[in-house]
Amino acid sequence: MAIATLPSSHHLLFCFFSSASSKFSITTQLCLNSPPKNRISLVICSSSTSPPPPSSSSPQVSEPTPTAESCVNAGLDLFSKGRVKDALVLFDTALTLNPNPVEAQAAFYNKACCHAYRGEGKKAAECLRTALKEYNLKFGTILNDPDLASFRALPEFKELQEEARLGGEDIGYSFRRDLKLISEVQAPFRGVRRFFYVAFIAAAGISTFFTIPRLIRAIQGGDGAPDFGATAGNAAINVAGIVVFVALLFWDNKKEEEQLAQILRDETLSRLPLRLSTDRIVELVQLRDTVRPVILAGKKETVSLAMRNAEKFRTELLKRGVLLVPVIWGEGRETKIEKKGFGLSQKAVASLPSIGEDFDQRTQSIIAKSKLKSEIRFKAEVVSPTEWERWIRDQQKSEGVTPGEDVYIILRLDGRVRRSGKGMPDWAQILKELPPMEAILSKLER
């Protein structure tokens, strides 16, 4: 029998007699530092009633045999108390107790969170790679979990992310499939173009197959030999057609890979956290359709000057939904890592959505849009600056800009990158470029 305890203002106890039901805690506790209201722990008991206290006349009750599930839950409890090393021992123990796939996934994932906390990027990456490859872990979970914020700022995460983007049977296949679905929506005629490319290549290849014997006969000459000039011209046209359409097919494939990489960057950007003026922590995705974030990244003096210049146009910029997001180079390396949440305060961690929620639900789960709008001011503060820096540097590389240069990035209302440029923005030009929030063009941008 398992007893599930739900932490709240009143403790409720549910008793049930199914061994399968005790697996529930595994799926709900993948995130080591999930908000208290979502945490559920299981304690395994030997009977449906509380056992009587031991006495000299009663036999001693033996300790319950450890299981993979109980070790994972005990490890989670130790981690919450800051005993990361002991938690790692229990997660390793769980993997030796014949765990089922769900239990193994939870053990590897929670091991990765422990290694990330200890700054062991390679070990965290290996645990996550195993969970992705062998136990069907969703890559979106890694992107969304605040406990892995420090890991996402490491080169090992970038390598793992690239593996997932490339897909394949070994790792991240479902993640690449999701990216391709988004790509097909943004470029709906790519599949049609590829069909015609392949069809023309096949047609030109078949024609060349029959033309080559005629060309050989034309070269040899003799009675009944076809005209050399006409035959050679046909063969040249077929070969040129094959070369052109193969080149177009490769070009289209390259463009698709570039688009998938951009979609991945957009998705990573959407999950980056911000602190509003009311001290509430939100993900950037929650601000979609509400503001146009303008990211200012560079040296402290440069960004501060751009912020002061923006104050002169504050009223008009607010009418256009502009939200300033300053990112100072090197600020992330100065951030002290706290015990939980990897640099996020406990209030910040509790404000972030649970990893078990659907992507669209996360957009609306924390706060209603109307209330959120009232909390948005002219400026927001980045949370986990190292993650922000890594994303900006990746974006600079994709656009051919030297990483680390001063740069500004303007986002659309739908969260995608509108445009970017070197240095700091010309605010007067920005006012001309961005339509007011109530304008028709702004509505079309949502």
Side-chain angles (χ1 to χ4, degrees), residues 2-7 22-44 64 66-97 99-100 102-132 135 137-138 141-154 156-157 273 281 335-356 383-384:
I3 302 176
T5 306
L6 306 182
S22 62
K23 305 304 181 292
F24 186 69
S25 65
I26 297 296
T27 58
T28 58
Q29 296 192 74
L30 282 177
C31 174
L32 289 170
N33 198 29
S34 57
K37 64 180 179 179
N38 293 329
R39 295 186 67 78
I40 300 176
S41 59
L42 296 179
V43 181
I44 306 302
T67 64
E69 177 191 351
S70 64
C71 286
V72 169
N73 289 335
L76 290 169
D77 183 60
L78 289 177
F79 183 89
S80 67
K81 297 175 180 177
R83 297 171 58 184
V84 180
K85 185 176 181 180
D86 295 334
L88 272 172
V89 173
L90 283 173
F91 295 140
D92 282 327
T93 302
L95 293 172
T96 66
L97 297 176
N100 63 32
V102 175
E103 294 165 341
Q105 184 196 90
F108 276 111
Y109 184 85
N110 290 326
K111 275 188 64 178
C113 290
C114 288
H115 287 307
Y117 178 83
R118 291 157 60 97
E120 299 167 346
K122 289 185 179 180
K123 292 182 179 180
E126 284 306 311
C127 291
L128 292 173
R129 188 174 283 108
T130 301
L132 287 163
Y135 299 106
L137 175 68
K138 301 300 182 183
T141 301
I142 302 172
L143 289 174
N144 187 49
D145 190 351
D147 277 345
L148 292 175
S150 63
F151 173 71
R152 290 193 292 268
L154 298 177
E156 288 82 5
F157 169 73
I281 304 295
T335 302
K336 293 182 179 180
I337 297 179
E338 298 182 9
K339 174 182 173 183
K340 299 178 182 179
F342 301 102
L344 304 183
S345 65
Q346 281 302 95
K347 181 177 180 181
V349 174
S351 300
L352 290 172
S354 162
I355 62 172
V383 179
S384 187

[X] versus [Y], closest heavy-atom pair with distance:
| X | Y | answer |
| --- | --- | --- |
| Glu156 | Ala125 | CB-CB, 4.0 Å |
| Arg152 | Ile142 | NH1-O, 2.7 Å |
| Gly121 | Leu154 | CA-CD1, 3.7 Å |
| Ala104 | Pro99 | N-CB, 3.9 Å |
| Cys113 | Asp145 | SG-OD2, 3.9 Å |
| Ala68 | Glu103 | CB-OE1, 3.6 Å |

Residues Lys123, Glu126: salt bridge by 4.0 Å N-O rule: no
If you round to the nearest 0.5 Å, how far is [atom2] of [Y] from [atom1] of [X]?
| X | Y | atom1 | atom2 | result |
| --- | --- | --- | --- | --- |
| Asp77 | Asp86 | CG | CG | 11.5 Å |
| Leu97 | Glu69 | CG | CD | 12.0 Å |
| Gln105 | Leu132 | CD | CG | 8.5 Å |
| Leu90 | Asn110 | CG | CG | 11.5 Å |
| Leu128 | Phe151 | CG | CZ | 5.0 Å |

Check step by step if side-chain contact (heavy atoms from CB on, under 4.5 Å) holds for Tyr109 and Val72. CA-CA 10 Å; Tyr109 184 85; Val72 169; over 6 Å; no
Evaluate the side-chain proximity of [Y] to [X]: yes if any heavy-atom separation is below 4.5 Å, no if none is.
| X | Y | value |
| --- | --- | --- |
| Val89 | Asp92 | no |
| His115 | Leu88 | yes |
| Thr93 | Pro66 | no |

Aromatic ring pairing Phe108/Tyr135, orientation class (parallel under 30°, perpendicular over 60°, tilted between): parallel
Going through the distances and angles, do Leu95 and Lys111 end up as a side-chain contact (heavy atoms from CB on, under 4.5 Å)? CA-CA 11 Å; Leu95 293 172; Lys111 275 188 64 178; 4.1 Å; yes
